[in-house]
Amino acid sequence: MKQVIVKNLVKKFGAFVANDHLSFEVEQGEIFGFLGANGAGKTTTIRILCGLSAPTSGEVKVATYDIYTQREQIKKHIGYMSQKFSLYNDLSISENIRLYGGIYGLSRKAIKEKIEEYIEKLQLKEYQTLKVFDLPLGVKQKLAFLVAIIHNPPIVFLDEPTGGVDPITRRQFWEMLYEEANNGKTIFVTTHYMDEAEYCHRVSIMVDGKIAALDTPEALKQKYKADSIEKVFIKLARG
Amino acid sequence: METIIQINQVYKSYEEIRAISDISVDIQSAELFGFIGPDGAGKSTLFRIMATLLLPDSGEVQMAHLDTIKDYKKLRTKLGYMPGRFSLYQDLTVEENLNFFAGIFKTSVSKNYHLIKDIYQQIEPFKKRKAGDLSGGMKQKLALSCALIHKPEILLLDEPTTGVDAVSRMEFWEMLHKLKTQGITIVVSTPYMDEASLCDRVALMQKGKIMGVDKPQKIVDLFSKHLIGVKAKNMYGLVNKLREYPLCHSAYLFGEWIHFSSEQEVVKNKLQEFLRSKGIYDAQMQNIQPNMEDSFIDLMTQNIIE
């Protein structure tokens, strides 16, 4: 099953074309890396896929729902997390989980179970009553990811989830992503760490509002005769 | 070579939270020196102390032979500081920002234009544009121009490349290497470990402490374990199985390859046999050289404090 279908997506701001005829699909259980230079148009696309902005033209389906007619359904069936905003700093861990569980309409019982599950999974027992502000950044980002999928959406969008995180936590975070993908969740992720691009099943590289390349990391490296995705990226983005 | 920055046993806490403790480093004139570490390592606190914007709880810092507390006024004329967050005037134009900073330091743009020429030329076509309307890469170039316009002896750049794409990061480092040839001492912080190799020397920071200071290659050479690169179609399954291997010290994803480390040398055929017994038949292996992140992870887990 396809979790994202995009055909000829165009988004204009006045005369400026931020997304110029994008077409791609993302399969269920796939880790899809969405790369591009600053200003290439990634954020615009993600905002559209999350139902926060309407395309100028083109066909978009997310989690089987149509972007023009079922935007509220899309919001219910996706998860979203970014480096900049994830959890409320002045709430405790369980308060954050309760808040997001409540927003997504989970029952009290289900929320209670989630609190226990997450605290167990991240070994947060000692932190339980702390405000999120006092958590180490790495723990916070892992918790933010779990909270973003509290309603068990088929697809989750991650916007630079590992920025500034230490190298061990960064890898633990990716192992969590692999685990979820193995369980059938679709992961749509942006990153500036080019080694992380290698962890994706497929990678798209956006340049000036267009998708300049889209394939498995292996195939991209072969095609552009480079030994890393970083070199592929630099070749494409520098033009 | 002359020591131009001396940081001596500096401590700083915010209420109960210790931001940095026992930081001591000497930095040489015209050196490109990097503080490498994740968020929360204490890098920005240290930069603010060096920039005379924050008082340490104890310890002292000498910059360009001036004390950051006693001589802060005089010292400020010798420092260029670019904070992590974009802090120019968003509603002034590119040109106005630059003139403003030159004016504050009682100099003019024309007098030191040669210093910023290579960088400023790239944004000069947009000099009438408001700083707030520039793209990320252009903002960065303007901020660097403004930090340089009074011809500082020392340039402090706090995380100039965070959140910046791989291409712009590369271009930024190329600019720094050019600046270095002008004799300016450049101190830079970054959470990207791969940028460490672009510095003359680096300090690796974690949880407010320095784990090691040396040339990048020397720090990589500190890595004492045996390392094998392993990959297979199912990387998640592979990393978990590798950790079950009795001789495994650690197994981490590193881009295309998993870095499998061990105290003793591991025979690849035996490891291959083990993986087959666990249902992984397509593992490829090769010898690999450790990189900065291997060393950083190793130091983090050993918790060696210099």
Side-chain angles (χ1 to χ4, degrees), chain A residues 31 35-40 42 83-84 133-138 140-141 160 162-182 190-199 201 205-207 217-218 221 227-239, chain B residues 16-17 36-41 43-44 84 134-140 159 161-171 190-194 204-207 231 233-240 243 250-259 291-301:
Chain A
I31 303 181
L35 311 184
N38 302 106
K42 300 189 301 282
Q83 184 206 350
K84 287 183 196 98
F133 179 80
D134 297 319
L135 291 178
L137 177 74
K140 204 159 128 180
Q141 293 305 81
E160 288 181 44
T162 55
V165 172
D166 74 66
I168 292 183
T169 309
R170 210 151 69 77
R171 289 173 171 79
Q172 290 169 342
F173 192 90
W174 272 91
E175 285 177 29
M176 282 175 74
L177 298 189
Y178 270 123
E179 190 185 342
E180 290 299 330
N182 258 9
T190 74
T191 180
H192 285 312
Y193 291 99
M194 290 298 123
D195 60 330
E196 294 186 348
E198 313 257 1
Y199 307 151
H201 296 128
I205 299 178
M206 233 170 132
V207 179
E218 196 89 350
K221 284 185 276 187
D227 58 8
S228 69
I229 290 293
E230 173 158 26
K231 289 186 182 143
V232 175
F233 183 88
I234 288 172
K235 269 190 187 174
L236 284 168
R238 261 201 171 169
Chain B
E16 267 108 83
I17 299 166
I36 318 286
D39 287 3
K43 304 185 301 293
S44 294
L134 295 175
S135 73
M138 288 200 282
K139 274 184 181 161
Q140 202 189 30
E159 297 208 19
T161 55
T162 293
V164 174
D165 67 69
V167 174
S168 308
R169 287 208 279 140
M170 193 174 80
E171 288 172 354
T190 177
Y192 296 103
M193 306 282 149
D194 56 336
L204 300 191
M205 285 186 83
Q206 166 77 357
K207 293 183 177 163
K231 69 174 175 181
K233 194 139 178 41
N234 178 359
M235 293 293 264
Y236 176 63
L238 178 62
V239 76
N240 284 318
R243 285 186 188 138
S250 70
Y252 285 112
L253 299 163
F254 266 82
E256 186 182 353
W257 298 86
I258 289 169
H259 286 194
N291 63 29
M292 187 56 71
E293 272 197 326
D294 288 298
S295 281
F296 195 93
I297 289 175
D298 199 27
L299 287 167
M300 267 176 86
T301 45

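Numbers restart at 1 for each chain; the letters A, B, ... are given by sequence-line order, proteins then strands.
- The candidate with the highest count of non-hydrogen atom pairs below 4.5 Å against chain B, out of A:Ile168, A:Leu35, A:Asp134, is A:Ile168.
- The candidate from B:Pro191, B:Ser168, B:Gly40, B:Gly163 with the greatest count of non-hydrogen atom pairs under 4.5 Å with chain A is B:Gly163.
- A heavy-atom distance below 4.5 Å is found between the side chains of B:Tyr192 and B:Thr161.
- Chain A forms the most heavy-atom pairs under 4.5 Å with one residue out of B:Asn234, B:Asp194, B:Val167, and that residue is B:Val167.
- Residue contact with chain B, scored on non-hydrogen atoms closer than 4.5 Å, is absent for A:Gln172.
- Residue contact with chain A, scored on non-hydrogen atoms closer than 4.5 Å, is absent for B:Lys233.
- Using a 4.5 Å cut-off between heavy atoms, A:Glu196 does not touch chain B at all.
- Under a 4.0 Å N-O distance rule, the pair A:Arg170/B:Glu293 qualifies as a salt bridge.
- Between A:Lys140 and B:Asp39 no salt bridge is recorded (no basic side-chain N to carboxylate O distance below 4.0 Å).
- Using a 4.5 Å cut-off between heavy atoms, A:Asp166 touches chain B through backbone and side chain atoms alike.
- The side-chain heavy atoms of A:Asn38 and B:Ser135, taken from C-beta on, include no pair separated by under 4.5 Å.
- Considering only heavy atoms from C-beta on, A:Val232 stays 4.5 Å or farther from A:Met194 through its side chain.
- Using a 4.5 Å cut-off on side-chain heavy atoms (C-beta onward), A:Tyr178 and B:Asn240 make no contact.
- Looking at B:Val239, only its side chain comes within 4.5 Å of chain A, counting heavy atoms on both sides.
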